[in-house]
2 protein chains.
Amino acid sequence: MSATPTSQGAPRRATITDVAREAGTGKTSISRYLNGEMSVLSPELRARIEAAIERLDYQPNQMARGLKRGRNRLIGMLLADLTNPYTVEVLQGVEAACHALGLMPLICHAANEVEMERRYLQLLTTYRVEGVIVNALGVREETLRPVGGGGIPAVLVDRSVEGLAADIVGLDNRAAAELGTRHLLDRGFREIWFVVQPFEQVSSRRLREAAFRDAMRAHADAGAHADADASAAQGHTLVLNLADAAQTEHSLAELDRAIDTAHQRAGRIGVDARIAVFAANAPVALRLALHLKARYGDAWQTRVALLSIDDPEWAELTGITTIRQPTYDIGYRAVEFLHERIEGVQTTARDCLLPGELIVRASTAR
Amino acid sequence: MSATPTSQGAPRRATITDVAREAGTGKTSISRYLNGEMSVLSPELRARIEAAIERLDYQPNQMARGLKRGRNRLIGMLLADLTNPYTVEVLQGVEAACHALGLMPLICHAANEVEMERRYLQLLTTYRVEGVIVNALGVREETLRPVGGGGIPAVLVDRSVEGLAADIVGLDNRAAAELGTRHLLDRGFREIWFVVQPFEQVSSRRLREAAFRDAMRAHADAGAHADADASAAQGHTLVLNLADAAQTEHSLAELDRAIDTAHQRAGRIGVDARIAVFAANAPVALRLALHLKARYGDAWQTRVALLSIDDPEWAELTGITTIRQPTYDIGYRAVEFLHERIEGVQTTARDCLLPGELIVRASTAR
DNA sequence: CTGTTAGCGCCTTCAC
DNA sequence: GTGAAGGCGCTAACAG
């Protein structure tokens with residue numbers, strides 16, 4: 001039982017000095033004890049220290065330690081959008097790794113605001129974090145200047161930042177998009193729409209879309225020689241700007257026309273009426289599903305075969321085929337990379353591309 | 001091993017001393033400048049300081065400031081489960097409020113592990129956070145001892161902790177459960193199952209369930225006098241332990257029996273076969289929906305009318321009536337409360353109960 | 001083995 | 001108006 005602080009207010013936590021006095025020794029020994037240099041302490045002294053710490057309920061002040069040794073075990077975690085389930089899942093991996101490595105993540109949520117992102121980045125340096133993991137939103141190389149390269153260590157998650165040479169870990173976007181495209185092709189879909197948010201600074205969106213196009217082209221090329229039917233496959237890319245309602249409506253209308261056209265044509269030929277829609281990520285998939293349901297009713301899946309990268313909790317419920325990202329691992333690896341850099345391991349910028357996993361559900365059945 | 005500060009090793013950030021030298025003045029003036037005591041500085045000196053800061057890209061070290069003045073503007077945010085959309089939404093409010101008040105939230109995710117929760121709590125005190133806002137998982141009063149009361153200021157979110165007198169902000173659980181129950185009753189449902197996770201330490205679960213029972217009883221009482229049909233209404237409580245697969249299956253089987261029984265009876269009488277299921281929160285609702293879909297197929301909603309507290313993103317897609325919590329406000333208010341306490345406002349423990357909003361969708365239509 | 005002595009970067013009296 | 005000195009809680013040489 002600690003001294004009852006009858007008078008409320010500021011019970012002023014015990015300091016190392018208090019402990020030293022209580023144990024009848026000097027601060028140094030306490031410090032040594034705290035840092036596990038047990039071998040250099042007589043068992044007797046050690047016991048006294050232990051008792052004193054217990055009695056005073058002493059807890060070393062991380063801030064003070066950090067100030068002294070120049071490292072506070074804090075790392076920054078800059079998130080573009082916590083609303084995206086992807087982000088939360090990555091965070092789990094981050095937390096776990098930090099825990100294992102004795103790091104403490106300072107989590108900052110930019111909520112899709114570039115200005116916030118900038119501010120947080122500078123706030124983090126103010127707290128002298130030892131490194132940052134950033135799931136960049138719109139940062140330019142300049143904003144990240146204090147970071148990476150000559151500044152504090154940094155590793156990027158999911159997205160690269162132009163002009164910045166830093167470690168990056170994320171999904172193998174190319175392979176994932178190919179996987180999805182080929183799955184749709186294999187299932188016999190011949191008209192595929194790839195729907196993605198505006199590319200902007202987000203490299204992963206670009207990569208996925210490019211891989212989709214390449215996969216479609218590869219299929220067409222192969223088909224020209226072998227399978228006559230294959231050559232009919234056509235891929236379209238649709239940009240969906242979720243941040244702008246009007247633009248979103250406009251894009252969705254375009255998709256609707258394609259769906260209806262295909263439906264009419266199919267009626268004549270007597271074949272599966274569905275076109276396939278490949279959503280580049282979960283937010284896009286959700287928006288699409290909501291729209292389609294509003295337009296075609298509960299049976300919307302008889303009109304469209306939806307496939308998505310990311311595997312949100314509602315995918316199973318709605319029966320949608322997805323490509324699940326190894327989110328936990330992404331977060332975990334990111335921290336490991338950062339830790340190595342913090343510890344001074346000097347390597348050139350590395351890329352860590354983790355594979356996605358295709359989860360087949362009813363939406364792409366034929 | 002100290003890394004040799006070559007061209008890129010450790011650029012060692014500028015300190016207040018560097019700035020003072022660069023500006024040809026003393027540290028005191030720099031400090032004054034940093035703290036906005038402009039009126040006490042000659043415009044000329046002030047300009048020189050500004051220039052020096054700019055040139056050195058100086059940024060004050062929060063840790064050092066904190067050490068000196070005893071407040072580091074850090075607050076702890078202890079989360080029970082980031083996987084729950086509720087949590088993320090609350091977090092948005094917290095972030096916003098912190099930003100407005102110049103606070104920096106240290107976010108800790110216990111991931112439903114009581115042990116983690118304990119450890120984080122102690123880690124937070126180690127960083128000398130000025131306060132904590134906790135969405136408690138299983139903390140006992142003793143764990144929180146250093147917190148609240150005589151310790152550091154604390155405010156609870158969503159759940160109270162037995163024996164701890166602290167501010168608490170969250171949903172008006174009683175009103176929300178009543179709202180939902182009455183909605184179902186109004187829609188003519190006469191058999192209602194309230195499904196909730198094991199109560200454990202979570203006060204909100206208890207409150208919701210109690211309010212549900214009270215509402216059912218109130219209805220029965222009123223019905224005894226007026227509406228003969230009303231007296232037939234029966235409420236059941238089902239505990240669903242999501243942490244244990246076997247127990248979950250067991251509970252779901254019980255629900256299945258009720259559904260089937262109702263269905264058979266309805267077939268004879270020729271009336272709506274659906275029983276209503278009131279999920280105490282989103283995780284429960286999701287688990288239920290997944291199970292029902294697996295058992296009854298895509299048309300599961302013709303067997304069960306699902307209503308849930310919380311309004312997850314898939315609710316709209318699935319057409320489920322919900323009671324949305326004012327999550328953002330909850331987070332925001334929590335920080336405001338904490339801030340007041342940090343600033344020394346001494347009031348007795350306050351409760352802030354915010355109202356939920358009923359969002360009627362297809363699931364409860366008749 | 002143990003204690004003494006300097007600071008880490010900053011703020012805060014207290015003189016000038 | 002401005003600066004010098006001391007100290008926040010802790011660690012890291014140096015002695016003893």
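Each chain gets a letter, A, B and so on, in the order its sequence line appears, and its residues count up from 1.
Checking Arg32(B) against Tyr58(B), the closest nucleotide of DNA chain C that is more toward the 5' end is the one next to Tyr58(B).
Residue Leu67(A) contributes atom CG, which lies 12 Å from atom C1' of dG7(D) at whole-angstrom precision. Separating the CD atom of Glu37(A) from the P atom of dG3(C) is a distance of 14 Å, rounded to the nearest angstrom. Distance Asn72(B) CG to dC11(C) P: 13 Å, rounded to the nearest Å. In this structure, Asn35(A) places its CG atom 11 Å from P of dC10(D), rounding to the nearest Å. Distance CZ (Arg13(B)) to C1' (dG9(C)): 13 Å, rounded to an integer number of Å. In this structure, Ile16(A) places its CD1 atom 11 Å from P of dG9(D), rounding to the nearest Å. The distance from atom CD1 of Ile49(B) to atom P of dG1(D) is 14 Å, rounded to the nearest whole Å. Remark: C1' of dT11(D) and CG of Asn61(A) are 13 Å apart, rounded to the nearest angstrom.
Of all nucleotides listed (dG3(C), dT12(C), dG1(D)), dG1(D) comes nearest to the side chain of Ser42(B). For Arg69(A), whose side chain is taken as the heavy atoms from C-beta onward, the closest listed nucleotide among dA12(D), dC10(D), dG9(C) is dA12(D). Here dG3(D) is the nucleotide among dA13(D), dC11(C), dG3(D) with the atom lying nearest to any side-chain atom of Thr25(B).
Remark: Arg65(A) is in phosphate contact with dT11(D), judged by side-chain N or O atoms under 4.0 Å from OP1 or OP2. The phosphate of dG3(D) (OP1 or OP2) has no side-chain N or O of Thr28(B) nearer than 4.0 angstrom. Phosphate contact (OP1/OP2 of dC10(D), side-chain N/O of Thr17(A), threshold under 4.0 Å): absent.
Residue Ser31(B) is in base contact, counting any heavy-atom pair closer than 4.0 Å across all strands shown. Among the atoms of the strands shown, none is found under 4.0 Å from any heavy atom of Ile30(A). Backbone-only contact: Leu41(A) has heavy atoms under 4.0 Å from sugar-phosphate atoms and none from a base.
Residues Tyr120(B) and Glu113(B) bring no donor and acceptor atom of their side chains to less than 3.5 Å of each other. Checked by atom type, the side-chain pair Thr126(A)/Gln62(B) shows no donor-acceptor distance below 3.5 Å.
Using a cut-off of 4.0 Å between Lys/Arg side-chain N and Asp/Glu carboxylate O, Glu130(B) and Arg341(B) are scored as not salt-bridged. Glu50(B) and Arg55(B) are not joined by a salt bridge, as no carboxylate oxygen comes within less than 4.0 angstrom of a charged side-chain nitrogen. A salt bridge is absent between Asp18(B) and Arg13(B); no separation between the charged side-chain nitrogens and carboxylate oxygens falls under 4.0 Å.
No N or O donor and acceptor, one from the side chain of Lys27(B) and one from the base of dG9(C), sit under 3.5 Å apart. A donor-acceptor contact under 3.5 Å links the side chain of Lys68(B) to the base of dG7(D).
Using C1' as the reference atom, dG6(D) and dT5(C) are 16 Å apart when rounded to the nearest Å.
For the pair Arg46(A) and Tyr33(A), the NZ or CZ position fails the cation-pi test of under 6.0 Å to the six-membered ring centre and within 45 degrees of the ring normal.
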